[in-house]
Amino acid sequence: MAAFDPLTAVTDAFTSFVFGKTETTRLPVRTSTGQAQAVYLPTAAPGLGDSGVIIGREVYSGKGYIYDPFQLYGQQLPAPHWLVLGESGNGKSALEKTYILRQLRFRDRQVVVLDAQGEDGVGEWNLIAEQMGVTPIRLDPMAALDQGIRLNPLDPSITTTGQLALLRTIIEVAMGHGLDERAGFALKVAHSYVNETVTGRQPVLTDIVEQLRHPEPESAEAMNVALEDVRAWGLDVALVLDRLVDGDLRGMFDGPTTVGIDLDAPLIVFDLSHIDRNSIAMPILMAIVGVWLEHTWIRPDRRKRIFLVEEAWHIINSPFVAQLFQRLLKFGRRLGLSFVAVVHHLSDVVDGAAAREAAAILKMASTRTIYAQKADEARATGKVLGLPRWAVEIIPTLTPGIAVWDVNGNVQVVKHLVTEAERPLVFTDRAMTESSAADPPSDPPSGSSPRSPMRDTLADDLDAETESRAAAMERLARADETVA
């Protein structure tokens, strides 16, 4: 027991009288980290609920991360559209593919993929298509010459208004500017005449080109102009469309739509991997496929549809194609369409020729997933998307498979989990690896109840990982239970 010190007692009494009673000084407590962690309250943002498909785990809380735009729409999401950003090699492809595989576990889901990436001579979605028992719609100019796949812009399943809008979009994309009134009139007259006179078969682009080159006298008389004027107005239009008939894109769009394309299949893959991604052919293809789907695939049948576009900057970088897809996105609310755009860099689109259209499309995307980017790109991305400062700062430090998710302001850092059953299907770098090329693909997915959108193996793998993480934490806790 400490000896009584009169001077200390007098000093404490005087201090208490002047300044009030001082707090008792407590001795330090020696404990373990396992016990001390109970002092700190958990600080994790709320999740998105437990209805939908599992993506992975929140990095900071360890909770499972579940996302589904159709389940969240109207509650936490104003629109079901999704933008995925990030440099190559960080896990964008793996995320897209596992997301689609897990979404297809629901009976009321249907997916269309525009596959612009190529590997081993086929699109990177080829393995998944095979596992689903689906034949990709491979658009290839060389194959088309040998009775390959054709999509007819004048298919009767597309409305007359839709056909004319598609023709205008094709021409404007190829020319790089809008049609003037005279050229637009010549195209309208030729299209109307072909639709009225061609019977017993599908009208094709060759009919339009021929009519533009040799317009009927009635066309000129209707506007009280000379026939030569009408022919001159339509000359540039005819030259552009001639590229689809006799040019480098011949064979894919200059005949009746190929019989047997199953628009009721759960997965439809358009393989564009044989098209030069940097040529004008790509946005033209995007325009044709987009309008064709708009008028033949999207229907008011209460099915939930996902439209996933690889290399989406080809769309958003062209004002005319961007306007077309902007209209397509508006179907999301009325007909249950979720548009998923995959882009490497946001600067590819916001600094491009279609900056205004790109801003409108980005505004419609209420879900944004950002994988690792360089610091400058991350800051630019954060500014455009309105990300919090802490999220912008960690984007350059993210490792492959981990991304920042912004779901209408609910920002989380999420680690994407890929099961062993999915791994052979989502690898996109087989040419650079040895083991993945030898891995046999898993069995195709089979039906399950709407409340269980995952494979049984997926659930088992996630449970196993949960147990593994729990065991690791327990070992660490036991190791820390020593008195400091």
Side-chain angles (χ1 to χ4, degrees), residues 112-116 123 135-176 179 183 186-188 190-195 198 201-213 234 236-263 268-277 279-297 309 314-315 318 320-321 324-325 328:
V112 161
V113 175
L114 297 192
D115 183 5
T135 301
I137 301 171
R138 184 164 295 120
L139 296 174
D140 181 352
M142 300 306 296
L145 295 175
D146 188 24
Q147 301 301 314
I149 297 294
R150 282 184 172 88
L151 298 178
N152 184 14
L154 302 178
D155 193 310
S157 61
I158 303 176
T159 65
T160 302
T161 302
Q163 292 176 11
L164 185 58
L166 176 54
L167 291 173
R168 288 185 66 99
T169 300
I170 293 171
I171 295 162
E172 289 171 343
V173 168
M175 296 175 68
L179 282 180
L187 176 63
K188 178 182 178 181
H191 175 251
S192 177
Y193 181 83
V194 167
N195 272 345
V198 174
R201 62 175 176 85
Q202 289 187 11
V204 294
L205 286 180
T206 305
D207 300 323
I208 300 291
V209 174
E210 183 64 23
Q211 186 60 27
L212 287 168
R213 288 172 173 169
D236 287 344
V237 176
L239 291 175
V240 171
L241 293 180
D242 185 65
R243 183 177 181 181
L244 302 180
V245 175
D246 291 321
D248 53 343
L249 297 178
R250 65 190 183 280
M252 292 186 292
F253 309 106
D254 56 346
T257 299
T258 300
V259 177
I261 295 178
D262 184 8
L263 292 179
I268 305 169
V269 177
F270 286 90
D271 184 349
L272 312 181
S273 61
H274 287 253
I275 308 298
D276 183 359
R277 286 180 287 172
S279 73
I280 194 64
M282 185 61 76
I284 290 177
L285 284 171
M286 294 288 190
I288 292 176
V289 171
V291 172
W292 193 74
L293 288 174
E294 176 185 348
H295 291 271
T296 60
W297 178 59
V309 182
H314 292 293
I315 289 176
S318 168
F320 307 105
V321 183
L324 187 157
F325 274 79
L328 190 63

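Owing to the predicted nature of the structure, the values given are computational and were not obtained by experimental measurement.
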- Dump the intermediate steps for side chain to side chain contact (heavy atoms under 4.5 Å, CB included) on F270 and L293, then the final yes or no. CA-CA 11 Å; F270 286 90; L293 288 174; 3.9 Å; yes
- Note on the structure: CG of L164 to OG1 of T169, rounded to nearest 0.5 Å, is 9.5 Å
- Residues two or more places apart in sequence or in another chain: which of them pass side chain to side chain contact (heavy atoms under 4.5 Å, CB included) with T160? H191, N195
- For D115, all residues meeting salt bridge (Lys or Arg N to Asp or Glu O under 4.0 Å), sequence neighbours excluded: none
- Could I get the full list of side chain to side chain donor-acceptor pair (under 3.5 Å) partners for T258, not counting sequence neighbours? none
- Item | Partners passing side chain to side chain donor-acceptor pair (under 3.5 Å) against D207 (at least two apart in sequence or in another chain) | R201
- Query: Taking all atoms of both residues into account, what is the closest heavy-atom pair of A190 and I208, and its distance?
  - Reply: O-CD1, 4.1 Å
- Closest heavy-atom pair and its distance - V194, P203: CG1-CB, 3.7 Å
- Item | Listed partners of P156 passing side chain to side chain contact (heavy atoms under 4.5 Å, CB included), at least two apart | Q202
- Query: Which pair of non-hydrogen atoms, one from P256 and one from R150, has the smallest distance, and what is that distance?
  - Reply: O-CB, 3.6 Å
- Query: Restricting to pairs with a member in residues 163-172, which pass salt bridge (charged side-chain N to carboxylate O under 4.0 Å, His left out), not counting sequence neighbours?
  - Reply: R168-E172
- Minimum heavy-atom separation for A183 to L179, with atom names? CB-CD2, 3.9 Å
- Determine, stepwise, if the pair V173 / M286 fulfils side chain to side chain contact (heavy atoms under 4.5 Å, CB included). CA-CA 10 Å; V173 168; M286 294 288 190; over 6 Å; no
- Note on the structure: Value for CD1 (I158) from CG (L166), rounded to nearest 0.5 Å, stands at 6.0 Å
- Between atom CG of L205 and atom CG of L154, what is the distance when rounded to the nearest 0.5 Å? 5.5 Å
- Message: Are the side chains of V289 and L139 in contact, using a 4.5 Å heavy-atom criterion?
- Response: yes
- What's the spacing between L241 CG and E210 CD if we round to 0.5 Å? 13.0 Å
- Message: Among residues at least two apart in sequence or on other chains, which ones pass salt bridge (Lys or Arg N to Asp or Glu O under 4.0 Å) with D155?
- Response: none
- Note on the structure: Value for CD1 (I149) from CE (M252), rounded to nearest 0.5 Å, stands at 12.0 Å
- What are the two closest non-hydrogen atoms of G123 and D271, and how far apart are they? N-OD2, 3.0 Å
- Note on the structure: Heavy-atom nearest pair, N152 first then W292, reads O-CD1, 4.0 Å
- Query: Donor-acceptor pair, S192 side chain versus K188 backbone, under 3.5 Å?
  - Reply: no
- Message: Restricting to side chain to side chain contact (heavy atoms under 4.5 Å, CB included), what partner residues turn up for A174, sequence neighbours left out?
- Response: V240, I284
- Note on the structure: For residues 284-297, the salt bridge (charged side-chain N to carboxylate O under 4.0 Å, His left out) pairs (sequence neighbours left out) are E294-R327
